[in-house]
Amino acid sequence: MGRIIYTFSLVLVISSLITLTQCNEPQTKDSGIYQLAYISVNNEIQSFSNKLLVDFSRDSIVIVYVGDLATGELEKVVVEKMIRSTSESESQIYILGDKYILSSVQGDSVIFKSPEDSKTYAVLKRLKEEWRWKGRMDNCFNGAYVLSSDTYQDSICFINQSTLIYTGDNQMNFPVARWNLIHYKGFQLLNIQDEFAPLLVIQSCALGKATLHTRMPKDQVFEMKANPSDRHKTKLFGKWKEYRNKDAQPPRVDKFGKEILIELNIDKDSLLWDDTPREWKRKWNLTGDGKRIYFIDHLFDEDGSWKIYHLDDQKMILRLSEYNGVEERFMYFARVSQRND
């Protein structure tokens, strides 16, 4: 009887130790790769532009920072690794230099609180396993697309392997951005190098269509669908002369009070601007959706691209951004002659 009681007691002790050990191993609950969804202070979202992943494993925490807002190196990827505490109450991470302590694991979310302020916390959400990349990425990010979610829509054009242009209405004054792909433990991520663009996990991608996800600051699914245009460069070839329109800005005049009107001479290789006495010539191209003229050697200049508001055989309306996006300017052109280059 004594041996039975002793054995029973030993089983209870072992069971208790197992239970306590499991409770003190947060890595068994939160192991995986998470995205910083947001940081909240006094129940208000303070930051969701910082792109970072947190990789929890049994003995370490790896933080992957995407982009350095301090230096402006938005393509930069910095990986920091720290040894993980075995005590859940002591598990901690540093986000952007601030210390956070593990508070709770709720479903696929991990909550970290600031030890300095109980009303400041960071919410991390797990990247789903079905988002891991399984296919090929042949020519996926090339040309013009419509990018949309339940709350957002714009059109973009990938003009090369590092640069894209927003061609819709959401980035009118600063439409050009760099982009790059990030690969981490089976996940493929699209990083549009804009501090306000979320880090997007690419779930699938084939020629003409892609599905992307983000958990910052809330769950969103983005669909990217090809958006080609029948507006070819040849439709702009020829000589165009600016004319006054009732909706146009006040006319510019020279020192003699004579109104200055612009002439454009466009062929397949170059665009010549003449508003005497000023004249310049640039290489030009048209986005794949036919919505913007851009100058590849001046992309990041203030006038590196022009929005086409209207184009037919006789008239063209362009929108330019001026004074670092503070003002917009519409220009109205009539075709003077046609070229067949």
Side-chain angles (χ1 to χ4, degrees), residues 30 32-41 43-56 63-67 69 74-75 77 95-96 105-112 121-135 137 140-141 143-158 164-172 174-175 177-206 208-227 289:
D30 59 19
I33 301 171
Y34 288 70
Q35 184 174 38
L36 173 65
Y38 59 88
I39 295 172
S40 176
V41 179
N43 295 320
E44 292 186 3
I45 293 176
Q46 299 294 306
S47 173
F48 56 87
S49 60
N50 296 295
K51 305 174 188 179
L52 65 87
L53 304 175
V54 182
D55 184 356
F56 295 96
I63 300 181
V64 182
Y65 290 94
V66 179
L69 298 181
L74 301 182
E75 80 289 353
V77 177
I95 298 176
L96 305 172
V105 180
Q106 302 174 8
D108 64 353
S109 298
V110 179
I111 315 298
F112 280 82
Y121 58 91
V123 177
L124 285 67
K125 294 186 177 182
R126 191 196 308 266
L127 300 186
K128 297 181 179 180
E129 284 300 310
E130 57 263 33
W131 297 350
R132 288 188 188 272
W133 184 251
K134 302 179 181 66
M137 203 174 292
C140 285
F141 298 97
Y145 294 85
V146 172
L147 180 65
S148 61
S149 70
D150 290 340
T151 59
Y152 176 90
Q153 181 167 314
D154 204 350
S155 51
I156 58 177
C157 183
F158 297 89
L164 62 81
I165 299 179
Y166 290 93
T167 60
D169 298 327
N170 291 334
Q171 302 281 352
M172 294 289 285
F174 304 99
R178 299 287 189 188
W179 68 278
N180 63 298
L181 297 178
I182 295 170
H183 319 283
Y184 186 77
K185 290 191 175 180
F187 289 100
Q188 301 274 12
L189 303 105
L190 173 63
N191 176 35
I192 297 176
Q193 296 171 27
D194 180 324
E195 61 182 290
F196 299 109
L199 191 61
L200 298 170
V201 183
I202 307 165
Q203 180 181 8
S204 63
C205 180
K209 184 177 181 181
T211 300
L212 310 99
H213 300 265
T214 188
R215 309 211 71 175
M216 56 181 295
K218 62 179 183 178
D219 292 356
Q220 290 189 78
V221 180
F222 286 86
E223 296 293 340
M224 200 173 74
K225 296 182 180 180
N227 186 34
D289 52 16

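All heavy atoms count here, side chains included; hydrogens, waters and symmetry mates do not.
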Practice task
Considering non-hydrogen atoms only, spot the tightest contact between A177 and Y166 and give its length.
Solution key: CB-CE1, 4.4 Å
Practice task
Would you mind telling me which of Q153, K225, M224 makes a side-chain contact (heavy atoms from CB on, under 4.5 Å) with L147?
Solution key: M224
Exercise for the section: Check whether any side-chain heavy atom of T211 lies under 4.5 Å from a side-chain heavy atom of E223, and answer yes or no. Expected result: yes
Practice task
Starting at CZ of F158, measure out to SG of C140 and round the result to the nearest 0.5 Å.
Solution key: 10.0 Å
Handout entry: Main-chain N/O of L74 paired to N191 side chain as donor or acceptor, under 3.5 Å
Key = yes
Handout entry: Heavy-atom side-chain contact between R215 and Y34 under 4.5 Å
Key = no
Problem - For Q220, side-chain contact (heavy atoms from CB on, under 4.5 Å) partners two or more places apart - result: S149, T151, T214, K218, F222
Practice task
Verify side-chain contact (heavy atoms from CB on, under 4.5 Å) between I202 and L181, making sure each step is shown before the conclusion.
Solution key: CA-CA 10 Å; I202 307 165; L181 297 178; 3.8 Å; yes
Problem - Residue pair N180 / Q193, side-chain heavy-atom distance below 4.5 Å - result: yes
Handout entry: Closest non-hydrogen atom pair between K125 and S109, with its separation
Key = CG-OG, 3.6 Å
Exercise for the section: List the steps and the verdict of side-chain contact (heavy atoms from CB on, under 4.5 Å) for Q203 and V201. Expected result: CA-CA 6 Å; Q203 180 181 8; V201 183; 6.0 Å; no
Problem - Beyond-backbone contact of V64 with V77, side-chain heavy atoms, under 4.5 angstrom - result: yes
Practice task
Could you give me the CA-CA distance, side-chain angles and deciding distance for V110 and V54, then say whether side-chain contact (heavy atoms from CB on, under 4.5 Å) is met?
Solution key: CA-CA 10 Å; V110 179; V54 182; over 6 Å; no
Problem - Side chains of K51 and L189 in contact at under 4.5 Å (non-hydrogen atoms) - result: no
Practice task
Flag the pair Y152 / N170 as yes when at least one side-chain heavy-atom distance between them is below 4.5 Å, and no otherwise.
Solution key: yes
Exercise for the section: Output all residues satisfying salt bridge (Lys or Arg N to Asp or Glu O under 4.0 Å) with K185, sequence neighbours left out; order by chain, then residue number. Expected result: D55
Handout entry: Minimum side-chain heavy-atom gap F56-L124 below 4.5 Å
Key = yes
Completion exercise
Sequence neighbours excluded, the answer for salt bridge (Lys or Arg N to Asp or Glu O under 4.0 Å) partners of E130 is none
Problem - Modelled atom types, side-chain donor and acceptor of T167 and D289, under 3.5 Å - result: yes
